[in-house]
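Inspection log for the structure reproduced underneath, given as structure tokens.
Because the structure is predicted, anything quoted here is derived from the model rather than measured. In what follows, chains carry the letters A, B, and so on, assigned in the order in which the sequence lines appear, proteins first and then strands, with residues in each chain numbered from 1.
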2 protein chains.
Amino acid sequence: MSATTRAQIVEAADRLFYEQGFEHTSFTAIAETVGISRGNFYYHFRTKDEILAAVIDFRIETTRDMLRQWAAETADPAQRIRRFIRIVLTNGADIREFGCPVGTLTAELAKLRHPSRPEAVALFTLFRDWLAGQFTALGHHPATADAMALHVLAFSQGVATLANAFGDDDFVRREVDRLEAWLAGGLTL
Amino acid sequence: MSATTRAQIVEAADRLFYEQGFEHTSFTAIAETVGISRGNFYYHFRTKDEILAAVIDFRIETTRDMLRQWAAETADPAQRIRRFIRIVLTNGADIREFGCPVGTLTAELAKLRHPSRPEAVALFTLFRDWLAGQFTALGHHPATADAMALHVLAFSQGVATLANAFGDDDFVRREVDRLEAWLAGGLTL
DNA sequence: GTCTATAGATTGATAGAC
DNA sequence: GTCTATCAATCTATAGAC
């Protein structure tokens with residue numbers, strides 16, 4: 001079926017872009033992963049940039065679903081924020097090997113001066129706004145809540161980058177504990 | 001002169017790798033920047049990987065010089081650490097546009113599974129050990145000092161990634177103030 | 001040491017048969 | 001919708017004249 005093949009392409013490209021980077025991933029690699037010919041490819045996507053756009057849209061959808069899921073699991077904002085903080089543990093193996101999918105894609109597209117870069121940044125904004133919403137629910141003013149959201153995002157990016165570089169699990173655990181203590185304590189910025 | 005041409009190639013590649021990424025930077029781009037022909041290129045470097053190795057060596061040298069310079073400017077370990085923390089302000093314009101040169105190169109080489117990746121990580125280690133040395137001088141045990149060094153490194157990577165994504169100067173300033181307060185205060189991990 | 005010319009492989013993308 | 005065959009451009013890398 002057409003929709004299935006298209007979905008297969010998007011999911012394969014999503015994973016390959018994460019593991020190898022956008023530019024380094026060739027049509028050949030995606031086609032081989034899906035098990036179709038390179039020619040068939042162009043029936044579904046006319047350019048590589050179209051695939052990237054589809055992959056980003058796919059990530060935005062799955063991220064929205066994930067955040068909704070987290071919100072459904074608990075009504076406690078602090079617990080929700082903790083869920084985010086612990087991604088670096090939950091996805092520890094992937095992060096050690098390939099870094100954060102959002103951070104590394106955004107950084108690559110910045111260097112390529114790629115037109116889809118704003119959409120990749122929108123992925124960050126999704127987390128940012130969701131986190132800010134939780135801090136607002138904890139009683140903080142919107143501006144403070146946003147600053148706290150960025151602080152948590154910066155934590156995740158810093159930890160992911162160093163986890164990828166050094167592969168040090170103890171470091172990740174320590175930083176998670178530290179930020180959870182900050183969350184349970186004064187939330188000083 | 002030969003040495004000069006070689007140095008020119010390394011410096012041009014250093015900048016282009018930072019601005020455009022390693023893989024996206026072609027021999028043509030480097031040759032055009034230096035003002036030599038593509039053919040001449042291969043008299044100085046046989047492969048692209050050799051240029052990368054030379055660029056990393058160059059960065060290691062300049063980083064060593066910079067750390068020595070910082071150490072020469074003040075004997076106060078806290079002041080030295082503050083010098084590092086403020087890089088995200090000092091190099092603010094570049095970081096907003098291209099991210100951290102160490103973090104983005106390390107991340108790219110991880111995805112490419114490039115043989116020179118350990119040498120890129122060694123750049124991180126240079127900062128890590130230097131920072132740990134300062135925390136040790138402040139009276140902390142080696143293991144604690146190293147954990148603090150990683151914490152400061154994670155800060156710089158997180159701030160750099162988000163500064164690159166959002167271009168928000170206020171965020172950077174806030175995070176610098178916060179970490180300097182941590183440094184002046186209890187240094188809680 | 002620097003150049004021009006070119007090889008050889010790979011890339012993104014197209015045309016047309018089935 | 002999927003395939004094979006192919007194009008044009010680009011890339012890394014080489015050969016050989018000056």
Shortest non-hydrogen separation from B/L16 to B/T25 and the atoms involved: O-OG1, 3.2 Å
Length of the CD-P vector between B/E32 and D/dC11, whole Å: 10 Å
Atom-pair distance (CG on A/L16; P on C/dG12), nearest Å: 12 Å
Whether A/F127 and A/F84 hold their rings parallel, tilted or perpendicular, with breakpoints at 30° and 60°: tilted
5' precedence on DNA chain C between A/N40 and A/T28 (nearest-nucleotide basis): A/T28
Atom-pair distance (CZ on A/R38; P on D/dT6), nearest Å: 13 Å
Residue-phosphate contact under 4.0 Å: B/T5 side-chain N/O, C/dG1 OP1/OP2: no
Gap between atoms CG and C1', on A/D49 and C/dG12 respectively (whole Å): 10 Å
Whole angstrom value for the distance that separates P of D/dC18 from CD1 of B/I36: 21 Å
Listed nucleotide nearest any side-chain atom of B/S26, set D/dT2, D/dC11, D/dC3: D/dC11
Gap between atoms OH and C1', on A/Y43 and C/dG12 respectively (whole Å): 20 Å
Closest to the B/S37 side chain, choosing from C/dT2, C/dC3, D/dT14: C/dC3
Phosphate-side-chain proximity, A/H24 and C/dT11, N/O vs OP1/OP2 below 4.0 Å: no
Earlier contact from the 5' end, DNA chain C, for B/G35 and A/T25: B/G35
Rounded interatomic separation in angstrom, taking CZ from B/R6 and P from C/dT2: 13 Å
A/Y43 six-ring centre to A/R6 NZ/CZ under 6.0 Å and within 45° of normal: no
Over-ring placement of B/R128 relative to A/F166, 6.0 Å and 45° cut-offs: yes
Sugar-phosphate, base or nothing in reach of A/Y42, heavy atoms under 4.0 Å: base
Atom-pair distance (CD1 on B/I51; C1' on D/dA13), nearest Å: 11 Å
Aromatic ring pairing A/F135/A/H140, orientation class (parallel under 30°, perpendicular over 60°, tilted between): perpendicular
